[in-house]
2 protein chains.
Amino acid sequence: MKKIAALALALTLGAAVGAKDARAQSTLRDQVRSWRAAHEREIVIELAGLLALRNVASNREDIQRNADQLMGMLRQRGFATRLLTAGDAPPAVYAELATPGAKRTVVFYAHYDGQPANAADWGGDPWKPVLRTGLRGAPGTKDMEILEAVASTAPFDPEWRLYARSASDDKGPIVAMLAALDALKASGVKPSVNIKVFLEGEEEAGSSHLPAILKAHQDVLKADAWILGDGPVHQTRRMQIVYGARGVTGVEMTVYGPNRALHSGHYGNWAPNPAVLLVDLLASLRGPDGDIRIAGFQDDIRPLTASEKAAAAAMPPVEDDLRRELGLAWTEGGSERLQDRIMQPALNLRGLKCADVGAGARNAIPTEASASIDFRLVPDQTPGKVRERTEAYLKSQGWWVVHEEPTLETRLAHPRIVRLTWDEGYAAARTSMDLPVSKAVVKTVEEMLGEPVIQVPMLGGSVPISLFLQGLPSPAPPILVVPIVNHDNNQHAAHENLRLRNLWDGIDVFAALFARLSW
Amino acid sequence: MKKIAALALALTLGAAVGAKDARAQSTLRDQVRSWRAAHEREIVIELAGLLALRNVASNREDIQRNADQLMGMLRQRGFATRLLTAGDAPPAVYAELATPGAKRTVVFYAHYDGQPANAADWGGDPWKPVLRTGLRGAPGTKDMEILEAVASTAPFDPEWRLYARSASDDKGPIVAMLAALDALKASGVKPSVNIKVFLEGEEEAGSSHLPAILKAHQDVLKADAWILGDGPVHQTRRMQIVYGARGVTGVEMTVYGPNRALHSGHYGNWAPNPAVLLVDLLASLRGPDGDIRIAGFQDDIRPLTASEKAAAAAMPPVEDDLRRELGLAWTEGGSERLQDRIMQPALNLRGLKCADVGAGARNAIPTEASASIDFRLVPDQTPGKVRERTEAYLKSQGWWVVHEEPTLETRLAHPRIVRLTWDEGYAAARTSMDLPVSKAVVKTVEEMLGEPVIQVPMLGGSVPISLFLQGLPSPAPPILVVPIVNHDNNQHAAHENLRLRNLWDGIDVFAALFARLSW
């Protein structure tokens with residue numbers, strides 16, 4: 001998942017586990033783990049084979065090779081497979097495995113494309129997997145060729161890591177799903193749901209065709225829930241279940257001074273200074289404490305439920321450590337918790353630019369000043385509504401809003417001109433924790449792991465769950481995120497890696513979801 | 001003069017000219033002009049010879065050659081000459097010519113060093129003077145070698161321009177002074193004052209040794225007034241007399257957020273945003289209309305006199321044209337005139353920088369945000385007092401002021417930290433228009449020209465007149481600026497030039513100041 005990164009999250013205790021369920025789950029756990037322990041080499045070889053395929057979405061030949069290989073891997077497990085396409089987008093790999101008598105159908109999502117990578121940054125080919133006995137660069141860490149490691153009879157240490165582009169983002173979860181099915185089959189355990197698999201081929205390129213693909217294949221994709229296998233687990237290494245994420249929309253703002261830079265001595269405090277105007281504009285939008293002053297901005301906020309508040313309150317108190325680590329004497333919102341803050345909308349000033357500072361500063365009144373803002377949205381805010389309210393508010397503050405470079409006539413007619421350039425953005429999404437499927441997923445995972453998972457009502461970071469909502473029938477089936485990979489996986493960067501322990505845990509989790517999920 | 005540039009200034013009428021004075025002045029004017037008309041070739045040759053000497057202050061051999069040549073030119077006119085030095089600074093050329101019976105002594109200042117220049121920008125050697133029949137690039141303009149022009153018998157057109165580095169800034173005024181003395185001698189007119197000449201050799205390099213040179217030679221430089229022959233006339237081409245200039249001091253400000261950039265989704269409205277803090281700080285310093293909110297900032301302002309207000313009010317109404325030209329629908333201070341505004345202190349926000357905007361913007365909470373400010377000062381503000389008041393004000397607003405990069409301990413201890421880096425700056429200066437010498441200079445120039453001059457109580461731009469005040473005995477003799485060169489002289493840039501009409505006018509003005517000034 002593109003934007004689920006290191007995030008401090010809290011623990012929430014699931015429902016008490018009934019004695020019988022616990023026994024059944026403990027049996028399943030033993031079965032899956034003993035199968036996995038006996039097949040670690042095969043699992044790693046299958047994943048390494050998939051990782052050896054270059055998978056940047058813009059290279060259609062590479063993408064097709066990945067899709068072909070995945071179709072083969074799925075067919076081996078008894079899936080009926082096909083490619084789902086829309087226009088010239090990289091195809092989604094689709095597969096289904098019916099479970100006779102099953103009442104529910106669940107789509108398991110992952111993506112097989114990866115971020116671009118280059119050999120210089122990696123110190124080697126990013127698509128040539130390497131097993132390391134620990135974190136790259138840590139003292140005593142040894143590199144092993146995959147075949148060398150597999151040939152050795154020494155047991156795999158679960159702290160070893162598999163290094164390659166997409167090891168964790170997001171091919172690891174795909175192989176975890178397939179290995180989980182192998183483990184179930186070997187143990188004679190029948191799935192509890194109809195399983196559909198949807199593997200996207202352009203997630204790292206922005207998923208721009210995802211809504212069209214989903215829309216074009218609504219019948220095929222009919223389901224009672226979606227489970228997204230993407231993103232990292234909590235930084236404490238504990239499993240988490242994520243119900244939503246903030247949306248996002250960005251705007252570039254430029255305000256204007258004289259149409260050529262003026263000597264600040266000869267014209268300073270006569271000619272209007274665009275940097276000062278920008279400061280005035282920005283100060284009117286939000287305060288230092290995070291309060292957003294745009295009229296009506298809060299109107300579209302869907303209130304948090306009691307479960308969501310409780311889940312947030314149950315998070316472990318990471319704030320003091322974070323503050324110390326980041327060198328912060330305070331945080332916005334006073335004593336409010338991090339999770340409480342990021343379940344509210346935010347206006348982040350991500351950049352300022354006007355002429356130059358420091359050695360490059362000139363004694364001049366600049367011609368223009370710019371700010372860049374990203375808004376983080378919560379349900380039921382939309383980029384369109386944020387744009388509308390922001391522009392209305394700026395007009396109410398005396399600004400003349402334009403979307404193109406103002407002409408001389410416009411400049412002469414309006415004292416305060418701001419040019420706005422909005423990006424498309426997308427809305428937030430938050431699946432209710434109180435739905436039966438939500439409770440069932442938590443129960444299933446907790447019983448399998450034998451310990452509570454962290455429940456995250458909404459990530460602060462933005463994940464385009466709303467792209468799913470755009471493509472799926474309305475009302476859309478519930479969407480939950482069940483991440484399995486380590487948080488320290490160098491996602492999107494050089495030396496992306498997957499810790500074997502997380503791959504093993506993922507197999508447990510997907511096996512449980514395939515075999516025990518019911519609601 | 002480094003910083004006197006295009007500036008809209010007004011007309012003030014001098015005192016009515018008495019009939020007898022007018023007659024005497026009209027005789028002097030005729031004498032000077034007829035001598036000049038007969039000697040234009042010699043004057044241009046002498047100036048071209050001086051312009052042929054490279055004169056960047058950092059090249060001591062070049063500078064010495066200029067100084068030697070100037071000493072020779074001055075001795076030819078009967079001056080006693082010497083070099084005034086301090087440390088290893090480029091020497092000032094000093095010369096004096098006593099006038100038996102004269103009651104007053106006046107130092108005439110100019111500088112002989114020039115801005116760096118390169119052949120690529122000029123399309124030829126900047127120190128190889130060329131006469132052009134008009135503005136470079138204008139249709140029909142012809143270039144002439146100096147010797148070719150001089151050899152021809154055609155009369156010189158006063159719209160011709162002499163192109164070379166320092167033609168106008170500031171060797172033209174030096175040659176105008178010397179030619180004026182030649183004209184007086186040829187006409188049998190005795191000076192009215194003791195004349196001292198002080199030619200600085202590092203003005204374009206910042207005049208950093210000027211106070212030391214003045215201080216070391218206070219006895220030699222004893223005088224009743226200084227007249228600075230530097231800077232351009234008004235852009236209407238009318239002569240102006242300037243009484244002062246704003247001072248200047250600059251400060252770089254940096255405020256701090258988290259010590260590494262944070263994902264704005266995961267941490268946005270929890271981790272403090274330095275750009276937002278900077279906006280809050282800057283909004284507290286001044287308003288969009290130019291009002292400076294720093295407590296006590298206005299305390300040191302010396303009130304304007306009735307004469308100064310009257311001179312400002314008499315300026316021609318250039319504001320509407322300027323606004324149209326600059327694309328401005330309004331100006332700071334409402335209907336206040338430009339000259340009234342620039343006689344007040346200013347806080348100019350000359351630059352902003354924080355992360356990036358536009359295509360380079362990232363969805364992150366930045367680590368720091370910076371602003372660059374130049375303050376324009378008026379008498380009797382000083383850089384030291386501005387610094388003191390600004391820092392006290394910021395502290396009163398809850399800022400922890402530091403002058404070095406804050407340590408982690410400092411960051412953890414103080415919520416709002418601002419790092420300030422001040423430049424040295426210098427104070428404003430304003431000679432009273434009501435002094436007898438001020439009135440005498442105006443009267444002398446107006447009688448010579450037969451028309452009123454524009455009187456500028458204070459330039460908005462900063463000129464380091466305060467460096468003179470630092471070096472001269474206290475109380476310092478009055479200092480006035482009498483510019484002669486054309487405003488469109490490309491000062492400091494490629495294709496610097498001097499319009500011959502301005503050189504001729506300058507000879508008139510200096511002749512009058514040498515021969516008629518008395519108070």
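All heavy atoms count here, side chains included; hydrogens, waters and symmetry mates do not. Residue numbering restarts at 1 for every chain, and letters A, B, ... go by the order of the sequence lines.
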By a 4.5 Å heavy-atom criterion (distance strictly below it), what part of [X] contacts chain A: side chain, backbone, both, or neither?
| X | result |
| --- | --- |
| B:Ile417 | neither |
| B:Leu277 | side chain |
| B:Leu285 | neither |
| B:Pro345 | backbone |
| B:Pro366 | side chain |
| B:Ile365 | both |
| B:Ala413 | backbone |
| B:Asn273 | both |

For this session: Identify the two heavy atoms, one from B:Trp330 and one from A:Pro415, that lie closest to each other, and give their separation to 0.1 Å.
Result: NE1-O, 3.0 Å
Identify which of [options] forms the greatest number of heavy-atom pairs closer than 4.5 Å to chain A.
| options | result |
| --- | --- |
| B:Arg411, B:Glu336, B:Gln344, B:His414 | B:Arg411 |
| B:Gly351, B:Pro406, B:Ala371 | B:Gly351 |
| B:Thr367, B:Val357, B:Thr421 | B:Val357 |

For this session: Taking B:Asn259 for its side chain and A:Glu325 for its backbone only, find out whether a donor-acceptor pair lies under 3.5 Å.
Result: yes
Exercise. Stepwise, does the side-chain hydrogen bond (donor to acceptor under 3.5 Å, both in side chains) test hold for B:Arg350 with A:Ser264?
Worked result: CA-CA 8 Å; B:Arg350 61 187 169 184; A:Ser264 64; over 6 Å; no
For this session: Starting at CG of A:Asn348, measure out to CZ of B:Arg362 and round the result to the nearest 0.5 Å.
Result: 11.0 Å
